[in-house]
Each structure stands twice: as structure tokens, then as C-alpha cells.
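Working notes, structure below.
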Amino acid sequence: MEFGLSEEQDLLQETVRQFVSEQCPPTQLHAIFDAGEGHAPALWQGVAELGLCGLMLPEEYGGADLEVLDLALVCEELAYGGLPGPFMMHSLAAHAIARAGDSDQRGRHLPALADGSAIATLALAEGEGAWRPEFWSTRSEGGVLHGTKRFVPHADLSDWIVVGLSDGRLALVEKGAAGLTVVPEEGIDRTRPIGRLEFEGTPCEVLEGDGAVLERIGDVGLTLLAADAFGSASRLIDLAVEYTKTREQFGRKVAEFQAVKHQLARLALEIEPTRALFWYAAHAVDHRPDEGPRSAALAKSHISDRAIQAGREVVELHGGIGFTWECDVHLWLKRIMFDRAFLGTPESLRERCAELEGW
Amino acid sequence: MEFGLSEEQDLLQETVRQFVSEQCPPTQLHAIFDAGEGHAPALWQGVAELGLCGLMLPEEYGGADLEVLDLALVCEELAYGGLPGPFMMHSLAAHAIARAGDSDQRGRHLPALADGSAIATLALAEGEGAWRPEFWSTRSEGGVLHGTKRFVPHADLSDWIVVGLSDGRLALVEKGAAGLTVVPEEGIDRTRPIGRLEFEGTPCEVLEGDGAVLERIGDVGLTLLAADAFGSASRLIDLAVEYTKTREQFGRKVAEFQAVKHQLARLALEIEPTRALFWYAAHAVDHRPDEGPRSAALAKSHISDRAIQAGREVVELHGGIGFTWECDVHLWLKRIMFDRAFLGTPESLRERCAELEGW
Amino acid sequence: MDLEYSEEHRAYREAVLEFLKGWPLQGEEANLPEAEREALFRQRGIDAGYVYRNVPKKYGGAGEPADPLRDAIVREEFFRVGAPWDLLNQGAGMLVPTLLEFGTEEQKRRFIPKALTGAERWCQGYSEPGSGSDLASLQCRAELDGDEFVINGQKIWTSNANEAHWMFGLFRTEPQARKHAGISYLLVDMSTPGVEVRPLREMTGGSEFNEVFFNDARVPVTNRVGEAGGGWAVSRATLIHERNLIGNPNMMRDCFEDLLTLARKTQRGGRPAIEDPHIRQRLIEIEGYVRTVETSNMLQFSATVRGDALKAMRPMMMNKLYSTDTMQRIQRCAYDLLDGEGMLAPSAEDITGWGRNTSSTGWVEAYLFSLGPAIAGGASNIQLNIIGERGYGLPRDARPPEKT
Amino acid sequence: MDLEYSEEHRAYREAVLEFLKGWPLQGEEANLPEAEREALFRQRGIDAGYVYRNVPKKYGGAGEPADPLRDAIVREEFFRVGAPWDLLNQGAGMLVPTLLEFGTEEQKRRFIPKALTGAERWCQGYSEPGSGSDLASLQCRAELDGDEFVINGQKIWTSNANEAHWMFGLFRTEPQARKHAGISYLLVDMSTPGVEVRPLREMTGGSEFNEVFFNDARVPVTNRVGEAGGGWAVSRATLIHERNLIGNPNMMRDCFEDLLTLARKTQRGGRPAIEDPHIRQRLIEIEGYVRTVETSNMLQFSATVRGDALKAMRPMMMNKLYSTDTMQRIQRCAYDLLDGEGMLAPSAEDITGWGRNTSSTGWVEAYLFSLGPAIAGGASNIQLNIIGERGYGLPRDARPPEKT
């Protein structure tokens with residue numbers, strides 16, 4: 001009976017935190033953000049060298065065979081550091097192939113995904129944000145795909161795209177496949193740019209697994225997004241603490257004003273205790289199948305909603321400077337705006353929690 | 001073009017405020033509150049002598065022929081002073097008779113109601129709080145009533161009871177009529193005690209008017225409750241200002257703590273500007289029939305919801321003492337709890353506003 | 001992370017369950033008066049090592065080595081069957097740990113055993129009318145006169161004072177010393193001449209609290225716990241024990257379940273309110289807070305078990321405010337679900353404070369109670385200062401110099 | 001209370017409507033470039049007594065006696081048909097009233113006419129990087145050298161500085177004087193050597209604001225408005241004018257209508273979101289705030305017309321915070337209505353600040369903009385101080401002594 005991290009997990013988080021803070025300091029983060037590709041090969045290589053790309057993949061394909069919790073802890077730290085890049089979607093897509101692919105597909109794809117030499121992403125949403133297959137129309141007929149997917153992260157960068165089909169299965173499409181058009185959408189979070197994919201008779205491999213894999217990918221994804229929002233909000237709080245301890249107005253540090261100090265404390269109060277919420281979701285997705293889906297949806301809706309509010313208040317606590325492009329704050333605020341919408345808004349996930357409970 | 005009070009209206013408010021503050025200081029208010037009858041004949045007589053009992057009744061019956069706005073202004077001041085008694089319901093019931101009664105009924109009832117020698121009340125709600133006739137079952141058959149009404153203010157004190165019927169009409173029942181049982185319900189606002197009325201073949205006079213009178217009584221009532229909640233919340237703010245300017249903690253006045261000062265300012269910000277909201281509703285109910293019902297529902301839902309929150313925070317600002325029975329705060333908090341529920345909760349009225357707008 | 005128990009602890013749970021077959025009492029014993037039945041079984045629990053596990057045997061406890069997991073298993077199973085366990089009142093819950101840390105051997109032997117059995121009931125005398133959140137500004141004097149203190153002044157918000165035999169409290173013994181330094185922690189026999197208890201009436205209609213007046217009440221100097229003028233430090237330790245009594249996630253879960261029951265019973269547009277999209281949003285939003293309390297509690301518990309409590313320092317200092325905020329959200333939502341019945345006053349049976357709520361008027365009481373002193377202004381502002389200053393290293397307010 | 005206009009004012013409205021038949025321009029005039037058409041019609045409006053009603057004729061205004069009701073009628077009707085009316089920019093809206101109150105005759109004649117026509121555009125130089133909410137701590141120096149000030153330092157948050165001909169601003173002219181006393185209000189030609197404008201980029205992606213750097217920029221001493229070192233008082237008056245520019249209820253209503261449009265367009269469970277009980281609750285709750293802004297504005301307006309403004313003092317000092325809070329509520333609700341499109345960045349056309357919102361990305365921009373400096377922390381904390389202290393007589397904070 002232990003609801004805590006192992007020494008290995010503590011070490012994993014420390015390692016990742018140190019890597020990001022050294023390799024992606026805010027100046028570099030700003031530069032990548034401004035460039036808009038949301039990717040820096042050197043950073044990706046660093047992530048790969050840490051062995052993170054195949055964290056949840058089977059050892060036989062070069063993965064580390066770890067659990068959702070480990071992945072979530074990494075996502076928390078990458079978010080804390082603001083690391084741009086395809087890590088989260090790559091991990092989800094690779095996990096999907098590992099779960100739904102046959103042994104041939106696993107053998108062909110997983111090694112390169114595990115060592116980061118190939119990058120994968122996930123194409124799910126349709127319309128204005130339909131994240132579940134019952135609202136999709138993308139289908140595979142005779143080995144080719146028809147349909148349109150939106151909000152696909154790192155769409156043009158990825159070597160492989162895992163596509164959700166309207167029958168709940170998944171298909172795999174290679175970069176540059178015939179009949180595949182990638183239309184960039186201008187995303188708010190420039191560390192994770194998104195695009196629209198149009199499939200018009202695009203050749204694909206359909207993966208064997210049934211709808212359960214898609215459900216699991218959704219649950220894992222919600223958990224990782226919750227961890228990402230938690231890490232981002234934690235960073236915002238630290239930024240606000242640092243700023244208000246330094247900035248002076250009316251002859252004293254801003255943090256000496258009780259109204260400011262209490263606003264910060266309330267903000268931290270909304271975020272810090274929710275760490276346990278995403279830990280629990282991560283654990284439940286792997287070990288408590290009855291609770292997994294609902295825990296993941298609850299954690300994502302609760303944390304991303306609180307994190308959005310934290311973002312707004314941290315801007316406020318920075319005064320005018322918090323509103324500028326050159327300030328660090330908006331980088332994390334926009335990261336949270338991604339986390340909030342991807343795989344469903346807080347409101348839609350709350351409704352789903354109510355349904356899952358049979359209310 | 002003038003959205004302000006006339007000199008007469010200013011004077012009316014001043015007069016009422018002075019009357020209440022002189023005749024019903026907090027010590028006496030506590031005594032009446034504790035006694036639980038919610039009535040003091042001397043106060044009622046004072047109200048009557050000020051000519052308030054027939055404020056909206058026609059002059060020919062001894063009334064002052066004024067408008068909803070005037071009545072609302074009086075309600076605001078009575079609430080500010082916390083005055084116990086049947087004033088609001090009496091005014092509504094008398095207005096119902098004036099609007100729905102035939103000339104015989106008006107002639108028989110209004111003079112005594114206008115000079116306060118008879119007291120009337122209003123019996124509308126059924127069940128757990130159904131305030132509209134489509135959910136009622138009380139009916140008049142062959143001149144006698146059958147049904148049950150709840151949350152009837154001053155039920156056992158009143159000489160006449162105006163009863164809402166399921167067909168949208170109104171009926172008049174005399175105190176002590178055959179087949180009428182009054183069961184006190186323990187109300188939270190002891191300045192306006194409530195009871196359940198059971199009619200089992202109770203003789204009644206059905207009033208002539210159609211459902212429009214009931215609608216109007218509802219709109220006027222919502223406006224008066226909004227005014228009452230506004231006056232109560234204003235008093236709570238003044239109590240908190242007074243207390244925090246006097247009370248010392250950590251060697252300074254509580255109000256010198258920025259967190260306290262800002263909490264008070266935010267509180268006032270939520271209440272003070274809404275004065276115009278109930279003014280407008282009052283004016284619209286009389287002069288802008290298209291807007292009246294919605295304005296009244298909006299004002300009541302908005303102000304009573306804000307006022308409840310003000311109540312909670314004013315308790316908080318008083319610290320432990322605000323939680324005691326002997327402190328003044330709960331008298332007004334409970335008054336607002338009455339205002340919030342009577343004629344419909346904020347949530348139900350918001351839904352009604354949406355319906356009225358055709359959403 | 002592993003939410004299953006180890007084999008050792010599973011075996012321990014089996015033993016506890018075996019022991020609990022003895023409750024309720026059977027045969028002759030079942031006919032004893034309730035208090036005697038409870039005392040009897042509690043003593044058996046002590047003897048078996050399950051009750052008062054960490055209190056040394058010589059003071060009436062079980063004297064078991066510390067093992068928070070075993071504590072948790074015992075608590076869980078005893079609660080499940082409603083068997084008498086550690087008393088959670090102010091005597092066993094607050095005074096005993098304080099005496100164990102600061103008491104003289106004589107004080108421990110004199111007071112702990114009877115506090116554990118409940119033979120002597122205790123109340124806490126900290127708050128005063130003039131010192132709410134600024135506890136250290138207390139003015140109730142205890143002047144040394146020979147080998148006795150002579151107490152004059154007043155305490156307020158003293159729960160259960162009307163039925164307590166003893167009070168532990170803070171009194172100003174060195175008025176010339178600086179604010180925090182002149183306070184001593186004394187034990188006062190409530191039957192001492194010059195001690196008078198008057199019940200306070202709360203806005204809920206209940207009377208959970210009292211005022212206690214002291215008029216030349218004399219207390220032997222041997223009833224001081226800790227150093228003369230050292231009462232502040234002693235009371236801080238006690239407050240930590242008090243904090244552990246607050247924010248019980250089981251209570252929170254019960255309260256949330258009661259809210260769900262209300263939402264199923266209440267109608268919205270002809271359907272149960274729990275089917276209304278607006279209410280569903282509110283309920284799940286609240287559940288997010290409830291689950292956070294529950295899971296954060298697990299996290300803190302595990303960290304404590306591992307001796308890693310420092311890692312959980314921030315959520316620990318947030319517990320009190322987070323829990324009361326969450327309870328308030330539940331109670332406000334329930335109140336908002338009430339229609340006309342929100343105008344009704346709580347009846348005597350509804351006055352349960354943090355207890356279960358099954359009726360409309362019970363929820364009205366719960367709503368009013370949620371406004372109460374446990375969470376009132378000063379208290380939450382002080383919590384926010386603690387979080388900001390100790391949790392995040394923010395500077396202290398500019399304050400006027402302390403009075404001496 | 002009477003929401004109808006008097007016969008006199010109805011007649012006045014008729015006259016305004018008659019006049020407005022001249023807009024849009026007809027015949028030859030319709031072919032003029034837009035700027036010329038506007039200037040031409042604005043001048044006709046001045047001559048007819050409808051535009052710049054309260055500015056004296058000799059400075060280029062209509063010189064009509066004060067009548068806020070006539071002002072309102074004119075504004076209403078001019079806006080209805082989109083006819084050119086008073087410019088609402090910082091020149092006509094803020095500088096002109098200030099000069100009318102504090103300027104020398106020469107300054108008035110030199111600057112007001114061109115500010116009214118817009119021939120000379122103005123920007124405001126108040127904020128500095130080191131002085132946000134604490135405006136009076138500004139450090140930008142203007143040292144007297146003969147009959148010129150030599151300006152060195154920096155301003156920030158200067159909207160439209162890149163297209164302004166002139167800046168009015170606050171500069172520290174007497175560094176040895178106490179904080180508020182050493183500041184003067186100067187008019188600076190933006191083409192002066194040593195003045196450099198650099199656009200700031202905001203998190204919305206827009207660039208509404210600028211930094212302005214001064215490097216030995218020389219300004220004649222005759223460009224000081226008011227006394228030497230008396231700039232603080234002059235600027236306070238200007239801020240009052242600014243406050244009147246904020247919290248326009250028409251803008252609020254437009255924004256709310258846009259929200260309703262979004263709620264009709266967006267789907268919830270296969271139906272328009274506006275039919276979802278949860279969204280309806282939020283919308284009507286927000287409408288309560290919007291209607292409060294509208295009606296309180298009417299109340300304040302009537303009180304001002306009657307010369308009874310003191311009675312409306314409290315709501316008046318609440319306007320700014322209440323309006324920005326209400327706008328934030330609208331924008332947050334709209335943002336919450338967005339699903340996946342809440343991940344999209346605003347395009348260049350979406351960067352409208354307080355403008356109308358018709359697209360998802362327009363709402364994302366509005367949401368981000370609502371976080372902006374107009375309402376940022378310091379600003380709202382200062383508004384709360386004003387409400388608490390001036391509105392309700394609460395004491396000021398304990399503050400450290402002012403630096404001299």
C-alpha cells in the first residue's frame with residue numbers, strides 16, 4: 001500500500017527536469033516558439049538519448065516497458081520546462097501501434113519509434129472538436145482512407161500518423177502518402193503546432209486491435225494532458241512567485257501586499273493538491289480498469305480548468321509585462337490552452353464523467 | 001428622460017428609513033426575531049400611519065395610487081432596517097384584490113387594507129416550491145376550495161388570504177374560514193414566518209380577473225423581493241464596514257488588512273450597482289409591459305444570488321462573532337434566504353428568462 | 001505505486017477482523033448499558049494492541065511501535081463495523097499528545113489514562129472575544145499567588161465546555177513579557193469556584209459553543225504544562241494535532257454522497273436534478289475537489305509512512321483550507337438545489353454540524369454551519385499567509401511593532 | 001422616472017435626424033476620399049452645433065451650452081447611421097478637455113483645433129516599465145536647460161505612438177521634490193530628434209502598444225501644461241476623462257450579443273448550445289451583469305444631468321472594474337464554448353481588442369485580450385482600494401514612508 005513514487009520515478013523526474021532546464025532555457029524556448037515549427041532536432045535527440053521515446057513500449061522493441069504513471073511524470077516535467085516537440089503524441093501513437101498492431105507491424109515500426117529515429121502522431125478529431133468515433137466519418141475502404149482530421153499535432157513533421165476510424169479501429173499512414181494533404185492550422189500553442197489532414201484515397205495499414213485500444217489511448221492521453229497542465233500551471237505559479245518577490249511598486253515588493261500574497265496562495269491552493277489527482281488517474285488507467293476512464297476524464301477536466309484560471313491570474317499578477325509576447329507567461333498559458341481542448345474540453349469531459357457514473 | 005427618483009421618492013425613502021431606524025433598532029429587532037411571530041402591532045400601526053399600507057391602491061379606497069417603483073423603494077428601506085411584519089405580502093395581496101376584484105369586492109376589502117386595519121397575505125406555492133399555476137392543484141369548486149399551499153407568509157396573522165388557483169385565477173379566503181387549517185412551518189426568516197394552508201371545502205370568493213393579474217402579482221413580487229434583497233445586502237455591507245473599522249487584530253484595525261479591504265470592496269461592487277437593476281424592473285413592470293416580466297425575473301435572480309454571497313462573506317468578515325445568534329448579521333442573511341426562495345430560486349428564474357427570450 | 005497491501009499487512013488486517021468478531025458484544029455483556037459496553041470493548045482493543053496504539057502502556061495505551069499503515073487498517077475496520085476505537089475528542093485527540101510531548105511524569109500519570117477512557121472529558125480554552133485570528137493577543141490573566149494561579153478573564157468558542165471536567169488552555173501569566181512570550185499552558189478543573197460556563201447560541205439555532213468566565217479561579221501551579229511563559233510553543237504542537245482531526249476525507253465523501261442523494265430526489269423540469277446538464281456540471285466539478293482531497297490525502301499519508309513528509313509539506317499546509325472550501329462547495333450546491341424548502345429553519349435534529357444530511361432542513365443547517373467560525377475570515381486569511389509565506393517563501397506583511 | 005424624452009428633446013432629435021439626412025454625402029461629394037468626406041461632414045456637424053458641442057467656438061468646437069441629454073441624443077443618432085462625430089481618440093477625448101481646463105490661451109489655440117479635426121494625432125505617455133500601478137513613481141526625466149526641457153528615459157504601453165504626431169505625458173522635472181510633486185505635464189512633438197518608437201508585441205499576436213525611448217529629446221518649456229511640478233494634478237483630471245471612455249454599455253451589449261450568436265452556432269449534444277440548461281444559466285447570469293452596467297449607466301447619467309452626481313458617486317467609482325469584470329465574464333464564457341477551435345491562434349483580422357467577435361479565433365483573441373493590461377493585477381487592486389477607501393471610508397493600508 002503505497003501511493004507515492006519509487007526512487008526510480010523520482011530520479012526519472014529529476015533527470016528530465018535537469019535536461020529541460022539545461023537544454024531548453026526560456027531564451028531558446030522563445031526562439032522555438034517564435035519560429036513556429038514546435039520542434040528542435042537537437043532537443044528531440046536529447047529526449048531520445050534519455051530513453052524517453054519508448055518509455056511505455058515493450059522491451060523487445062527497445063522500449064522501457066514502463067507505465068502510464070512514468071509517462072505522466074515525464075510529461076509533467078517536460079511541461080514544467082515548456083519543452084516544444086512531439087513527445088506526448090509520439091508516445092501515444094507508438095503505444096497505439098504496440099497495442100493494436102500485429103507482430104509484423106510492431107516489428108516494423110516500434111524499434112524506430114522507441115529510439116526516436118521515427119516520429120509518430122495521432123489524428124483523431126473531426127469537425128469543431130469531435131473526439132469520439134461515434135461522431136467521425138473517416139473510414140478505410142479497400143486499404144485506402146477517406147476523411148478529414150483536424151487538430152493533428154506535428155502533422156507535417158511526423159513519419160507515421162495513427163488515424164482513428166469511425167468504426168473505432170486505428171489505421172497507420174506514412175508521411176507523404178498518396179492522397180494525403182496536410183493543411184497547417186495556426187495553433188495557439190506554437191510548441192505543438194497542429195494541422196488538418198485530408199485523406200482522399202490514401203493508402204494505409206489498418207491495425208488489428210478493436211475499439212478498446214482507441215479507448216485506452218484516449219484514457220492515457222487524458223492523463224498525460226492532465227499531467228502536462230499540472231506541470232505548466234506549476235511553472236506559472238513559480239514564475240509569479242519569482243516575479244512578485246522581485247518587482248517593486250509603491251516602495252515595496254509586490255508580494256508584500258496582502259492582496260497579492262493571498263491571490264498567489266489561493267492560486268497555488270487550486271493547483272498543488274491536484275498532483276495526486278493525475279497520479280491516481282495514471283495508476284488507475286493501468287491497474288484499476290473500472291476506474292481508469294472516469295479518473296482520467298475527471299483529472300483532465302479538473303486540472304486543465306484550474307490551470308486555465310491559474311494562467312489568467314498569473315498574467316494579472318505580472319501586470320502589463322505579463323501581457324507581452326516577450327514575457328514567459330504566455331508560453332505556458334498557451335500550452336494549457338492546448339491541454340484544455342485536446343481530447344475534449346472540461347465541460348464535455350464532466351458530462352462524460354456523469355454518463356460513466358450512470359447519472 | 002430621467003432614470004432617477006423624484007423628490008417625493010427621495011423623501012419617501014428618507015421617511016421610511018428614519019421610521020425604521022427609530023422604531024425598530026437592532027435590540028428590538030432581535031426581540032421580535034426571537035419571539036418568532038414576525039410581527040409587532042405597534043410597528044404595523046406606524047407603517048399604516050405613514051400611509052404605506054395602501055401605497056399602490058386606488059385613491060378612492062384610501063390608497064396613494066403610487067407605482068411599483070415607490071413600493072420597491074419602501075421595501076428596500078424596510079429591508080435595510082430589517083423590519084419584521086407582513087408589509088410586502090400585504091401590499092401584493094391588496095394589489096391583487098384591487099386588480100382582480102369586482103367593484104363590490106374592492107369596496108368591501110380595500111379600505112381596511114389601505115389603512116392597515118386588516119392584513120392580507122398571499123398563498124401561492126405548492127409542493128417543494130412550485131410557484132406557477134401550471135404546477136398547482138388547488139381549485140375552487142362550487143364556491144369552496146380544495147388544496148394545499150405552502151410557504152404562506154404570516155398565515156395565521158392575516159385577515160384575508162389571496163389564494164392562487166390552478167386555472168390562474170385568484171380566490172379570497174377569510175381568516176378562520178371553515179375547512180381551513182393553518183400549519184406553521186418553521187421558517188428561517190423569523191421576521192416573516194410562514195405556514196402551510198390546507199383547504200378542505202373552504203368557502204372562498206373567487207376574484208374576477210383572469211391569469212394576467214396573477215402574472216402581474218408575480219412580476220411585482222419579484223421586483224419587491226429584489227428590492228428587499230438589495231436593501232438587506234446594503235445593510236450587511238454597512239455592518240461589515242462598521243465592524244472591520246472598529247475591530248482590531250494584530251494591533252491594527254481589521255479593515256487595514258488589504259485582503260479584508262479588498263474583500264469588502266468586491267462585495268460592495270457586486271451589490272451597489274444593482275440598485276439600478278431593480279429600479280428598472282420596477283419601472284418596466286408598470287411602463288414597459290414587453291420587458292416587465294423578464295426584467296423582474298432577472299433582477300430578482302441576479303440580486304438575490306449576489307446578496308446570498310454577500311451574506312456569507314459578511315459573516316466571514318465578522319469572524320466568530322458573525323456566527324452567533326446575538327450578532328445582527330444573521331437577521332439579514334436569513335431575510336435574504338427568504339427573498340432568494342420566494343417566488344422562485346435564482347436558477348429557476350434564470351431558466352424562465354431564457355424561455356421568455358425564446359432561447 | 002501500489003494500492004494493495006503487503007502480505008504482512010493483509011495478515012494484520014485478518015487479525016483485526018478476527019478480533020472485531022467480538023463486536024457487538026454477545027450474551028450477558030450485550031445487556032450492559034451502552035457506555036459500559038463501549039468502555040469494555042475499548043479496553044479489550046487496547047489490550048489487543050488496536051486502540052491507542054501509540055500511547056505507552058503505562059499511561060493506559062497499547063504501547064505498540066509506530067506503524068501508520070497498521071493505524072489505518074485498524075481505523076478502517078473499526079469504523080466499518082462501528083466498534084469503539086480511540087476517542088477523537090479534545091482530551092484523547094489533543095491533550096494526550098500534548099502531555100506526551102510536554103507533560104511531567106506526574107501530569108501524564110494523572111491525566112492521560114482518564115482522558116483515554118473518557119472518564120474525564122476535556123475542553124480547549126484558546127479563543128477569546130478580543131483575540132480571534134490573532135490568538136497570541138489573548139488577555140485572560142493567570143497571576144501567580146503562592147503556589148496557585150489566580151485566573152480572571154474570559155474564553156469563547158469553547159465547545160463542550162458545559163460537559164467537560166477539565167479545560168486545557170492558554171493564559172497570560174507574564175503580562176510584562178512580549179506578546180508570545182508571556183503565555184502559559186494550564187490545566188483547569190472546571191469545577192473550580194469562579195469558573196462559569198455560559199452557552200453561546202449560533203445562527204444555526206444550535207449551541208455547540210460556550211463562553212467560559214473566570215473570576216478569581218485558583219489553579220495549582222503544578223497544573224502548568226511546559227515552561228512558565230512557554231505555553232505558545234506547547235499550543236502550536238497541539239494545533240498540529242487539531243489539524244489532523246480536520247479534513248477527514250471520509251466525512252467529505254459522505255457529504256458528497258448526501259449531495260448526490262439530494263440531486264436524485266430533487267426535481268428540475270420534471271426530471272431528477274441529477275439529469276439536468278447544469279447540475280451535472282456542478283456536481284462533477286465538485287467531485288474534482290472531493291477526489292483531490294481523497295487522493296492528496298493518500299499521497300500525504302504514504303509520504304508520512306515513508307518518513308518523507310517534507311515532500312508533501314505544501315499539500316499538508318493546504319489541507320485545512322482546501323477541505324473547508326470543498327465542504328462549502330458541497331453545501332452551497334445543496335442549498336442551491338433547494339427550492340421553497342430553502343426558506344425553512346433547521347429543526348433540533350438537523351443541528352449536526354459536519355454530520356450527515358438527509359433532509360432539506362438538514363442542508364439548510366449545513367449551509368449555515370459552513371459559514372461558521374472554523375472557516376471564518378481571519379482563519380482563512382491566516383491559512384493563506386501560511387501557504388504564501390511558508391509554502392512559497394513570500395515575504396511577510398509589513399506589520400506594526402509588537403506591543404510589549 | 002420617465003424613460004421618454006420631453007417634447008423639447010424630441011424636437012431636438014427630429015432636428016438631428018433631419019441634419020443626418022446629409023449623411024452619407026451625395027452627388028459630387030460622395031466621390032471624395034473617405035477622410036475628406038468625414039472631415040467635411042464633421043465640420044458641418046460642428047457648424048450645426050452637433051459635434052464637439054461643448055468645446056468653445058474659438059477653438060474649433062460648436063460652443064453649445066452643456067446639455068448631457070442633447071449630447072446623448074446626438075451621439076445615439078450619429079452612431080445609428082455611422083456618421084462622423086466627435087473623435088474619441090486620445091487627442092480629442094483626453095488632451096482637449098485637459099487643455100481646456102489647464103492650458104494657456106496660446107496652447108489652446110495652437111493644439112485644440114488640430115486635435116479636434118484629427119489633423120494632429122496624439123498619444124499618451126504615462127506608464128513606464130518601472131511604474132505600473134504606482135504611476136507616480138515614474139522616472140523619465142525632463143531637465144530644464146535654458147528654455148528647453150531635455151528628456152531622457154522611457155515610456156511603455158503607449159498605444160498608437162507609431163502614428164501619433166504628438167505625445168502628452170508626465171515627466172519628472174524636479175527630481176529633488178517629493179514623489180508626486182516633482183512631475184510635470186509636457187507636450188512632446190514625436191518628430192523631435194531623440195524620440196524613438198518601438199512597437200511592443202502582445203501575447204494576442206497583436207501590436208497595439210509601443211515603447212517610446214527618449215534620448216536627449218528637447219522640448220520647449222512653453223509646452224508644459226499647468227505649473228512646474230504640478231503635472232500630477234493635471235493628469236488626474238485627464239484620467240477622469242479617460243475613465244469616461246471606458247465601460248461603454250453599447251460595446252458591452254454588442255459583445256454579449258456576439259456571445260449569444262456563438263451560443264446559437266455552437267453545438268452541445270446535437271443541439272444549439274443556447275438550448276443547453278448549463279449554458280442558459282451562464283448566459284442569463286452574465287446578462288444580469290450586462291443589464292446592471294446598462295441600467296447603472298442610465299442612473300449615473302440621469303444623476304449627472306440633474307447635477308446630482310454625488311449621489312451616484314459609488315457606482316461611478318465602480319464602473320471601470322465592474323465593466324472589465326463583466327467583459328471578462330463574457331469572454332470567458334465564449335472561450336468555454338469553444339471546443340477544438342479553442343486551440344487555434346487569432347489571425348491578423350481577429351486582433352480587434354474590444355471589437356466585435358464573429359469567429360472562433362476572434363473569441364480566442366478576445367479571451368487573451370481580456371487578460372490584458374487594462375485590467376491587470378495592479379490596476380484592479382488600485383480600483384479596489386479606491387472603492388474601499390473613498391467609497392466606504394475604509395482606512396488606507398499601512399505604507400512605508402514615501403521616498404523623497
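Chain letters run A, B, ... following the sequence lines, proteins first and then strands; every chain starts at 1.
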query: Relative to chain D, which segment of A:F135 carries a heavy atom at a distance below 4.5 Å: side chain, backbone, both, or neither?
result: neither

task: Report the relative orientation of the aromatic rings in A:F323 and D:W157; use parallel for angles under 30°, tilted for 30 to 60°, perpendicular for over 60°.
output: tilted

task: Side chain from CB out, backbone as N, CA, C, O: work out which of these in A:L331 comes under 4.5 Å of a heavy atom of chain D, or both, or neither.
output: neither

task: Could you list which of residues 352-359 of chain A have a heavy atom closer than 4.5 Å to any heavy atom of chain D, in residue-number order?
output: none

- prompt: Can a salt bridge be assigned to the pair A:E347 and D:R268 using a cut-off of 4.0 Å between side-chain N and carboxylate O?
  reply: yes

Side chain, backbone, both or neither of D:L384 within contact of chain A (heavy atoms, under 4.5 Å): neither

query: Quick check: does any side chain N or O of A:K334 sit under 3.5 Å from a backbone N or O of D:M203, one acting as donor and the other as acceptor?
result: yes

message: Given heavy-atom pairs under 4.5 angstrom as the criterion, report whether the side chain, backbone, both or neither of A:R150 touches chain D.
response: side chain

- prompt: Got a second to check how far D:E211's CD is from A:T324's OG1, nearest 0.5 Å?
  reply: 9.0 Å

- prompt: Which distance, rounded to the nearest 0.5 Å, do you find between the CE of A:M337 and the CG of D:L368?
  reply: 4.5 Å

field: Any donor-acceptor N/O pair, A:E326 side chain to D:E202 backbone, under 3.5 Å
entry: no

query: Quick one: what part of A:R247 sits under 4.5 Å from any heavy atom of chain D, side chain, backbone, both or neither?
result: side chain

query: For A:E128 and D:Q267, what are the C-alpha separation, side-chain angles and deciding distance, and is it a side-chain contact (heavy atoms from CB on, under 4.5 Å)?
result: CA-CA 9 Å; A:E128 291 178 1; D:Q267 296 287 304; 6.0 Å; no

message: Working to the nearest 0.5 angstrom, can you tell me the gap between A:Q249 CD and D:I382 CD1?
response: 7.5 Å

- request: In sequence, state the C-alpha distance, the side-chain angles, and the governing distance for D:D336 and A:R340, and then conclude on side-chain contact (heavy atoms from CB on, under 4.5 Å).
  value: CA-CA 10 Å; D:D336 284 348; A:R340 167 198 167 274; 4.3 Å; yes

- request: Kindly give the heavy-atom pair with the smallest separation between D:E341 and A:F151, and that separation in Å.
  value: N-CZ, 3.7 Å

message: Minimum heavy-atom separation for A:A341 and D:D339, please, with both atom names.
response: CB-O, 3.7 Å

query: To the nearest 0.5 Å, what is the distance between OH (D:Y335) and OG1 (A:T345)?
result: 10.0 Å

query: CD of A:E185: more than 12 outside heavy atoms within 6.0 angstrom?
result: yes

- prompt: Which bit of D:L200 is near chain A, if near means a heavy-atom gap under 4.5 Å: side chain, backbone, both or neither?
  reply: side chain

- prompt: With a 4.5 Å heavy-atom cut-off, do A:H330 and D:L371 have their side chains touching?
  reply: no

- line: What one should report as the nearest heavy-atom pair of A:I188 and D:G342 is CG2-O, 4.2 Å

